[in-house]
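Structure first, then comments.
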Amino acid sequence: MTTSDKAHTYTPFPFRLELFPPSLQALSKQSTNSREMQGGGSGNNSEPIIDKTRVLDVKPLRTLAPVFPSSSEAPRFVSASPFGPHSSGFSPFYPFSAPQATQATPDLNQQTHTTPAAPLRSFRGTEYNGGAFSGEAGSFDGSKGSAKRKTKFSLQKRARKSRDLDFGLSVDDNNFVVGVSLSERDDGNREVVHSIRMRYDALRRRLSQLEDAKESPVGIIRRADLKAGNILMTKQVRTNMRKRIGAVPGVEIGDMFLFRIEMCLLGLHAPSMAGIDYMSARNDLVEEPLAVSIVSSGYYEDNADDKDVLIYSGQGGAANKDKGATDQKLERGNLALERSLRRGNQVRVIRGMKDSLNQALKVYVYDGLYRIQDSWLEKAKSGCNIFKYKLVRIPGQPDAFGVWKSIEKWKEGLSSRAGLILPDLTSGAESTAVSLVNDVDEDKGPAYFTYVSTVKYSKSFKLTQPAYGCNCQKACQPGNLNCSCIRKNEGNFPYTANGALVCRAPMIHECGPTCPCFPNCKNRVSQTGLKVHLEVFKTKDRGWGLRSWDPIRAGTFICEYAGEVIEKVSQGGEEGDGDDYVFDTSRVYESFRWNYEPGLVEEDSSVEAIEEPKVPSPLVISSKNVGNVARFMNHSCYPNVFWQPIMYENNSESFIHIGFFAMRHIPPMTELTYDYGKSRVGEAEADGGSTPRGRRKCLCGALRCQGYFA
DNA sequence: GATAGATCAACAAT
DNA sequence: CATTGTTGATCTAT
């Protein structure tokens with residue numbers, strides 16, 4: 001097989017050769033070698049050698065006659081798929097040094113995917129994409145300042161009006177069903193993928209919230225993940241339904257998932273449970289199954305220690321309550337993997353592992369494309385035969401699972417973090433250490449400041465409105481409307497059982513230090529300190545930034561904005577004083593949609609939660625001299641973190657805190673960013689194209705970067 | 001009191 | 001249309 005063979009096969013997709021040019025050749029050679037070696041026993045590599053002589057009673061897989069000449073590596077039957085995986089949008093990410101934008105907004109850097117220029121924007125207000133609520137954002141164009149409040153209410157009305165037609169399966173004139181066009185259901189892109197993911201998780205959190213509030217007998221298993229998935233599947237809010245070999249448009253290496261259903265909705269891995277996804281491949285000679293993706297979840301005895309090599313077990317044969325373990329058969333997924341080995345096909349690999357923050361939960365990472373290099377039969381612990389497949393990662397792809405592995409080692413102290421300056425820059429002020437790292441230059445740390453973990457109000461800024469807490473005697477129970485703290489949240493417990501924020505709201509009311517409920521009350525999420533292991537690190541061109549060693553699930557509380565509440569400086573030239581460390585609720589922030597769509601939940605047929613934050617009076621916090629990790633978070637026009645006002649009382653006084661929450665799932669080592677907003681002063685100068693006076697050039701790198709901020 | 005293992009209902013794909 | 005096999009939350013034992 002030669003490169004030109006490939007080029008010929010993939011003629012419609014010229015990106016293909018740009019993808020992993022050196023590795024393709026290298027790997028082709030490898031797999032050819034391994035095929036040649038098959039008759040002779042073990043390969044010539046140094047991977048774990050399995051004693052094949054111990055396997056009895058079963059014909060070796062190798063007796064299967066190859067269906068195609070070995071040169072037919074490139075499967076013709078998929079020639080119609082949009083292989084340009086990240087084709088157009090292929091932008092490698094550099095987990096340890098890249099500017100945040102590369103990771104946080106890789107999708108927006110390129111938009112030349114195969115999706116036809118469908119009038120996506122013309123769809124009603126339920127459509128939103130990632131952080132930029134484009135459908136609505138348009139209405140903000142040119143709007144200054146006060147326009148925001150007005151829109152907050154009109155947004156509600158419009159959304160409700162648009163829901164008059166049944167959200168069922170009917171397709172409207174534009175071929176859209178709930179915001180996903182027909183063509184996007186076949187072939188996705190980054191925007192659609194982000195949109196579906198956010199809608200899914202918002203719906204899932206809302207369903208969890210409703211379940212939490214029900215008084216259901218213990219032992220009942222609640223699967224909000226499946227329920228949300230089922231609703232979106234039924235409504236056709238899904239993409240990449242056309243199966244394909246190779247990359248899936250819109251899904252990037254390193255993307256993280258919490259539920260199998262998420263991967264079904266995105267077309268990354270269709271089966272909701274089975275570990276092997278395959279498709280029937282046909283040419284003039286035969287029809288045979290070929291594997292397209294696998295999930296290594298820990299259910300079988302896989303070996304997933306190596307970041308580039310995965311020893312994967314076939315499916316079936318596992319013991320369950322009705323029957324004991326049996327030998328696996330060479331059928332379905334197992335057969336597909338075997339065929340893919342012969343054909344040298346790429347196989348997508350999703351690696352599952354325990355969530356470092358909660359061992360009971362699982363996280364999945366899309367680790368890119370692998371090729372199957374070998375297969376054999378092996379005795380499982382049960383004594384039955386199981387198939388084993390050796391998958392090797394195609395070189396040249398950005399690290400994904402490898403990053404997680406490295407972090408594991410840093411945590412265990414097996415290898416130290418390169419460039420570590422301080423193991424804990426908070427000197428114990430936070431319950432979780434915050435690393436200080438610079439692997440970019442010689443800078444030994446940010447300028448001196450005093451670390452505090454919460455916001456400090458001076459006397460004159462105390463709010464004087466009457467403050468009262470709840471009277472709950474234990475932990476506040478979701479659904480208990482006798483709890484005044486819950487009533488203040490419109491009767492909804494603001495957090496799921498896992499502690500994720502369900503919805504944005506004008507204000508979140510938590511139980512305060514003087515509420516009588518137990519300290520383990522789940523309505524104190526923002527008061528229990530840092531939970532994720534954060535790292536302050538030197539960016540290439542934007543000073544210090546913040547990122548996490550732990551995966552962060554959408555809705556997770558990250559930290560609050562600590563500092564000193566200050567009297568708002570009269571706007572004007574004075575801001576040139578150089579206080580870059582200011583948070584100000586009165587700035588103009590990009591509107592975006594994060595909450596669930598009520599039309600998708602029976603209980604919420606006509607209620608729409610208002611998202612825009614609302615504080616009684618502008619709150620300005622300076623963290624220049626006194627602050628916490630939040631002061632290191634950089635701005636992005638396409639952020640992955642948002643702020644949310646939170647109020648709770650202490651000794652009959654209410655205080656507002658600014659909490660930061662994850663907008664979407666954030667894989668480890670991805671820079672955390674939020675929208676700094678724009679000050680209203682100088683807004684009129686903002687149309688000139690260049691950075692207006694007093695503003696700062698934005699380096700976030702997002703496609704929709706506005707060019708400046710602050 | 002973390003933590004591993006057992007249990008069980010859910011449900012998309014076939 | 002019934003079957004299949006794996007999942008994620010919860011329960012139980014250590």
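Letters go in sequence order (proteins before strands), and every chain restarts at 1.
- Atom CD1 of A:Ile294 and atom P of C:dG5 are 19 Å apart (whole Å).
- Using a 4.5 Å cut-off on side-chain heavy atoms (C-beta onward), A:Phe257 and A:Leu266 make contact.
- Nucleotide B:dA9 holds its P atom 15 Å from the NZ atom of A:Lys227, rounded to whole Å.
- Contact annotation: A:Ser297 does not reach the phosphate of C:dT6 (side-chain N/O to OP1 or OP2, under 4.0 Å).
- Rounded to whole Å, the distance from CG on A:Leu207 to P on B:dA10 is 15 Å.
- Residues forming a side chain to side chain contact (heavy atoms under 4.5 Å, CB included) with A:Ser435 (at least two apart in sequence, or on another chain): A:Leu420, A:Val437, A:His533, A:Glu535, A:Trp549.
- Side-chain contact between A:Glu510 and A:Pro494: absent, with no pair of heavy atoms (C-beta onward) separated by less than 4.5 Å.
- In this view, A:Asp225 and A:Tyr200, A:Arg204, A:Arg223, A:Phe259 satisfy the side chain to side chain contact (heavy atoms under 4.5 Å, CB included) rule, not counting sequence neighbours.
- In this model, the phosphate group of B:dA12 is approached by a side-chain N or O of A:Asn230 to a distance below 4.0 Å at OP1 or OP2.
- Not counting sequence neighbours, the partners of A:Lys227 by the side chain to side chain contact (heavy atoms under 4.5 Å, CB included) test are A:Leu207, A:Glu211.
- For residues 309-318 of chain A, the side-chain hydrogen bond (donor to acceptor under 3.5 Å, both in side chains) pairs, not counting sequence neighbours, are A:Asp302-A:Ser313, A:Ser313-A:Lys388.
- With DNA chain C read from its 5' end, the first of the two nearest nucleotides for A:Asp225 and A:Arg332 is the one closest to A:Arg332.
- Closest approach to the A:Arg238 side chain among B:dA13, C:dG5, B:dT14 is made by B:dA13 (side chain taken as heavy atoms from C-beta onward).
- In this structure, A:Gly229 reaches neither bases nor backbone, as no heavy-atom distance under 4.0 Å exists between it and the strands shown.
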Please enumerate all protein N or O atoms sitting under 3.5 Å from an N or O of nucleotides 12-14 of chain C, with distances to 0.1 Å.
none

Under 3.5 Å, which donor-acceptor pairs link side chains of residues 267-277 of chain A to any protein atom two or more places apart or in another chain?
| residue | atom | partner | partner atom | Å |
| --- | --- | --- | --- | --- |
| A:His269 | ND1 | A:Ser293 | OG | 2.7 |
| A:His269 | NE2 | A:Arg260 | NH2 | 3.4 |
| A:His269 | NE2 | A:Ala274 | O | 3.0 |
| A:Asp277 | OD1 | A:Lys243 | NZ | 2.5 |
| A:Asp277 | OD2 | A:Ala270 | N | 3.0 |

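- Side chain A:Arg223 to base C:dT7: a donor-acceptor pair is found below 3.5 Å.
- Atom CD1 of A:Ile261 and atom C1' of C:dG5 are 14 Å apart (whole Å).
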N/O contacts under 3.5 Å, protein versus nucleotides 3-6 of chain B?
| residue | atom | partner | partner atom | Å |
| --- | --- | --- | --- | --- |
| B:dA4 | OP2 | A:Lys354 | NZ | 3.2 |

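- Rounded to whole angstrom, the span from the CZ atom of A:Arg260 across to the C1' atom of B:dA9 amounts to 17 Å.
- Figure legend: cation-pi geometry between A:Arg524 and A:Tyr495 absent, as NZ or CZ is not positioned both under 6.0 Å from the six-membered ring centre and within 45° of its axis.
- Scored by the salt bridge (charged side-chain N to carboxylate O under 4.0 Å, His left out) test, A:Lys307 finds A:Asp399 as partners (sequence neighbours excluded).
- Of the two residues contacting DNA chain C, namely A:Ala274 and A:Leu361, the nearest-nucleotide position lying further toward the 5' end is that of A:Ala274.
- Regarding contacts with the backbone of B:dT14, every side-chain N or O of A:Tyr278 stays at 4.0 angstrom or more from both OP1 and OP2.
- The distance between atom NE2 of A:His269 and atom C1' of B:dA13, rounded to the nearest whole Å, is 11 Å.
- The stretch residues 359-368 of chain A participates, sequence neighbours left out, in these salt bridge (charged side-chain N to carboxylate O under 4.0 Å, His left out) pairs: A:Arg351-A:Asp367, A:Asp367-A:Arg393.
- Taking atom CG of residue A:Leu232 and atom C1' of nucleotide B:dA12, one finds them 14 Å apart after rounding to whole Å.
- Using a 4.0 Å heavy-atom criterion, one finds that A:Ile276 contacts no nucleic acid atom at all.
- Here the C1' atom of nucleotide C:dA9 and the CZ atom of A:Arg553 are 12 Å apart, to the nearest Å.
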